[in-house]
Number of protein chains: 2
Amino acid sequence: MAEKEKVTIYDISKKLNISAATVSRALNNNPKISLKTRKLVMKTAAKMNYKQNKLAQALKSGKTHNVGVIVPYINRNFFSSVIRGIEEELSPHGYHVIICQSHEDVNNEINQINTLLNTQVDGIFMSVAKTTQKTDHIEKVLSENTPLVFFDRKKDVAGLSSVTIDDFRGGYLATEHLIKQGCKKIAHFSGDLNLEIYKNRYEGYIAAMKDYGIEAIKEFSLQVNSKLESGASAVRDLWNHRIKPDAIFSASDYAALGAIQELKKMGVKIPDEVCVVGFSNEPFTKYMELPITSVDQTPVDMGRNAAKVFLEQIQGSKTLTIEKKVVLAPELYIRDSSNRETIEKPLVSKE
Amino acid sequence: MAEKEKVTIYDISKKLNISAATVSRALNNNPKISLKTRKLVMKTAAKMNYKQNKLAQALKSGKTHNVGVIVPYINRNFFSSVIRGIEEELSPHGYHVIICQSHEDVNNEINQINTLLNTQVDGIFMSVAKTTQKTDHIEKVLSENTPLVFFDRKKDVAGLSSVTIDDFRGGYLATEHLIKQGCKKIAHFSGDLNLEIYKNRYEGYIAAMKDYGIEAIKEFSLQVNSKLESGASAVRDLWNHRIKPDAIFSASDYAALGAIQELKKMGVKIPDEVCVVGFSNEPFTKYMELPITSVDQTPVDMGRNAAKVFLEQIQGSKTLTIEKKVVLAPELYIRDSSNRETIEKPLVSKE
DNA sequence: TACTTTAGTGCAATCGATTACAAAAATTAT
DNA sequence: ATAATTTTTGTAATCGATTGCACTAAAGTA
């Protein structure tokens, strides 16, 4: 239980009878210090078990080597995967990742940003809350010269970079796939259209319908929460009408699953009568007995890319703000919930 | 785009023609400063948009208000949920949570601990890697007087607190439940017995069998990875013998699912012929068409409790090391994969 | 009035590392 | 050998906030 005696450069300097400045330079491999002393200092430092005090260094340099990540909830598969990507890309560069949750509330978001700025993070990554409308708090980050990189859910703020997937394309791919399965009356469960991502998925859906000359019935587009029950109730609503959909493209896997469960309860055959496609490629989609087709957002990759953008950003001249928009390609994982061609074949769920 | 002018207490002191010391005291509501000056300083600080420099403060006080969390992978539902709990409990107290991944490798774990100690975190939370045997790096944390709290996967190190679930009881409950379903030949898929958690689940299984006077056949206990394919292959192995199990208690939900898929492929009826119970209550277990019975580990609660232990720890006198072991009660979620009583009844999956 | 308290502030050191600038030591040139 | 360089090292300020100690002025006491 040796009491911890923090060793500082002063301790080293005293022991060697040289100045702390020399020690500091030697440890930083400053060529102005003779090789002899440099080696001596290094050796002594190691022997004394010297550990640099990052705090002092951070105070002096203004760089903490900490970055903050703000997400709605950390235990959502998508977000924790992005964070994983960020951590894995940044960790080798000596950065630590601080996580914050907004709980989908702008006010929390504002607070988190403030405390992060207070602790002098070198950068911030974030996916905005659903309730975020104004961007004052975000612009504030910019004005403090702290790089901010959006991922997935972004806001249009001049000078800020972002990494997203091509949600439009994701929506398009999903819809096109359904069309190719022979579906004509395709319903769409959209999310909160206040968020760009959902708007884009919706527009991708509309575009695909148009491109293939299929009418997108207005009543078939519903705003549905990302919950099983919401999906189920949406199905109930839809099936109350005279014209019933023969496919559902849900912008949420959860709503898609709820829909599937409800349809089964109603005795509707999937994918024979109705094809269903979700979005996000949540882990459960591939585990189901009837695996669910879904659009993958490559979250880990998204995190890695966001980290890369950040690294570029801090490398460049600090006066010049670069605005970089990285758009990743979504991938459609076709599974049984929409794959009519597997009906006669043995069931094989992809991935 | 006003260039960011960092306001310090010196700026305030200059403006008011008082010393920085007075400003500092006033801002900290030190009663030695007259109410008049205190209010004046506060007002001026607010007006000048002063923000305390946490780095300077941290350097002076030695407290960063940062804690580190080390987990194998952050995007596993269990771990991200624990982290959520930690974050939510600690955030109101002004702490930030830094996340690190060990990738199930001790060497990473050692590095992470070192960098965390270097950045002077006020505490460390961790779930050890599977490969962790020696505990030198952990004892080092102790010797630096940094509180460390284990959660879920702990090591026995004198003086260190931990928060876990009662895995023995979890194993017991699961097994007991299977016995009550009328199962007699219960197989067990255990995880890496090097980890306490798996050993305890196994022992809970053994104890339940013993208590109910049922023989635990040695060949029915297999070490199985936490992967679908491992569960499937384990089933194939088991069903190659003359005596076949009538139930499986898997220490992993993934292996349980793999087993279920394999059994279905073999035409074995679940739960009629074989009951299956998993462990962890992964989100997918309740979404399946045949929802899987599983033992819930209350991860968010575990995180919250770990955070509480930490808070107590730093409150207490620093010389006295308290060793607190919090053991949470696991909860068995009975679902269709093991619930024979629901066979004639309408399917209702709990939770 | 003279003297002790007490309240309110300021001075200066401190936390540990970095870095202009100055100074000393070692080399080279003349 | 001495001046001119070049190397190497030291001094002291700095990053911002905190705090023990000292000091001033006002209030209280005798």
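The model shown is predicted, which means the values in this text are computed figures rather than measured ones. Proteins come first, then strands; the chains are lettered A, B, ... in the order of their sequence lines, and each starts at number 1.
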Student: With a 3.5 Å distance limit and no angle check, can you tell me whether A:Thr298 reaches the backbone of A:Asp301 through a side-chain donor-acceptor pair?
Tutor: no
Student: Under the salt bridge (charged side-chain N to carboxylate O under 4.0 Å, His left out) rule, what pairs show up with a residue in residues 9-23 of chain B, not counting sequence neighbours?
Tutor: none
Student: For a quick test of reading the model: is some side-chain N or O of A:Ser19 closer than 4.0 Å to OP1 or OP2 of D:dT9?
Tutor: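 No, because none of the side-chain N or O atoms of A:Ser19 sits under 4.0 Å from OP1 or OP2 of D:dT9.
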Student: Grab the NZ-C1' distance between A:Lys36 and D:dT7 for me, whole Å please.
Tutor: 12 Å
Student: Is the shortest side-chain N/O distance from B:Gln52 to OP1 or OP2 of D:dT18 below 4.0 Å?
Tutor: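 Yes, such a contact exists.
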Student: Considering just the side-chain nitrogens and oxygens of B:Thr37, establish if one lies under 4.0 Å of OP1 or OP2 belonging to C:dG8.
Tutor: no
Student: Taking NZ from B:Lys54 and C1' from C:dC15, how many angstroms apart are they, rounded to a whole number?
Tutor: 17 Å
Student: Compare the minimum distances between each of C:dG16, C:dT19, D:dG16 and the side chain of A:Thr8, then state the nucleotide with the smallest one.
Tutor: C:dG16
Student: Counting only heavy atoms and a strict 4.0 angstrom limit, can you tell me which residues of residues 24-33 of chain A come near DNA chain C?
Tutor: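 Here the set is A:Ser24, A:Arg25, A:Asn28.
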Student: OP1 or OP2 of C:dT18 less than 4.0 angstrom from a side-chain nitrogen or oxygen of A:Tyr10, does that happen here?
Tutor: no
Student: Base, sugar-phosphate alone, or nothing: which one does A:Ile18 contact when heavy atoms must sit under 4.0 Å apart?
Tutor: sugar-phosphate
Student: Not counting sequence neighbours, which residues clear side chain to side chain donor-acceptor pair (under 3.5 Å) with B:Asn107? List them please.
Tutor: B:Asp105
Student: So which of residues 60-67 of chain A are in contact with DNA chain C, with a heavy-atom cut-off of under 4.0 Å?
Tutor: A:Lys60
Student: Quick one: B:Lys51 NZ to D:dC15 P, roughly how many Å, whole number?
Tutor: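 Nearest whole value for this atom pair: 20 Å.
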Student: In whole Å, I'd like the distance from the CG atom of A:Asn118 to the C1' atom of D:dG16.
Tutor: 13 Å
Student: Can you tell me which nucleotide in C:dG16, D:dA12, D:dT9 comes closest to the side chain of A:Leu59?
Tutor: C:dG16
Student: Between C:dA17 atom C1' and B:Gln120 atom CD, what is the distance in whole Å?
Tutor: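 Roughly 12 Å, once rounded to whole Å.
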Student: When the nearest nucleotide of DNA chain C is assigned to A:Ala21 and to B:Asn17 on a heavy-atom basis, which residue is associated with the more 5' position?
Tutor: B:Asn17
Student: With a 3.5 Å cut-off and no angle check, do the side chains of B:Glu109 and B:Thr132 form a donor-acceptor pair?
Tutor: yes
Student: Please tell me which of the listed nucleotides, C:dC11, D:dT9, C:dA17, lies nearest to the side chain of A:Ile9?
Tutor: C:dA17
Student: Checking contacts here: which listed nucleotide (D:dG16, D:dG10, D:dT18) is nearest the side-chain heavy atoms of B:Asn53?
Tutor: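 The closest nucleotide is D:dG16.
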Student: Could you tabulate the donor-acceptor pairs under 3.5 Å formed by side-chain atoms of residues 53-60 of chain B, not counting sequence neighbours?
Tutor:
unit_1, atom_1, unit_2, atom_2, d
B:Asn53, OD1, B:Leu55, N, 2.8
B:Asn53, OD1, B:Ala56, N, 3.1
B:Gln57, OE1, B:Gln52, NE2, 2.6

Student: Would B:Val157 and B:Ile138 satisfy side-chain contact (heavy atoms from CB on, under 4.5 Å), going step by step from the backbone distance to the final call?
Tutor: CA-CA 8 Å; B:Val157 176; B:Ile138 297 170; 4.1 Å; yes
Student: To the nearest angstrom, how far is B:Lys14 atom NZ from D:dG16 atom C1'?
Tutor: 12 Å
Student: Only pairs under 3.5 Å count here: list side-chain donor-acceptor contacts from residues 89-96 of chain B, not counting sequence neighbours, and write none if there are none.
Tutor:
unit_1, atom_1, unit_2, atom_2, d
B:Glu89, OE1, B:Arg304, NE, 3.0
B:His96, NE2, A:Thr115, OG1, 3.1

Student: D:dT9, OP1 or OP2 - any side-chain N/O from A:Ser34 closer than 4.0 Å?
Tutor: yes
Student: Starting at the 5' end of DNA chain C and moving along, which residue's nearest nucleotide shows up first, B:Ala56 or B:Arg38?
Tutor: B:Arg38
Student: Within the structure, does a side-chain N or O atom of B:Gln57 lie under 4.0 Å from either OP1 or OP2 of D:dT18?
Tutor: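 Answer is yes, contact under 4.0 Å.
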Student: Using atom CD1 of B:Ile12 as one end and atom P of C:dT9 as the other, report the distance to the nearest whole Å.
Tutor: 15 Å
Student: So if I apply the ring pair (Phe, Tyr, Trp, His ring centres under 6.0 Å) rule between A:Phe125 and each of A:Phe310, A:Phe151, A:Phe150, which one comes out positive?
Tutor: A:Phe310
Student: Going by an N to O cut-off under 4.0 Å, is there a salt bridge joining A:Lys155 and A:Glu139?
Tutor: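 No, this pair does not count.
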Student: Does the side chain of A:Asn114 come under 3.5 Å of the side chain of B:Lys51 through a donor N or O and an acceptor N or O?
Tutor: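 The criterion, which ignores hydrogens and geometry beyond distance, is not satisfied for B:Lys51 and A:Asn114.
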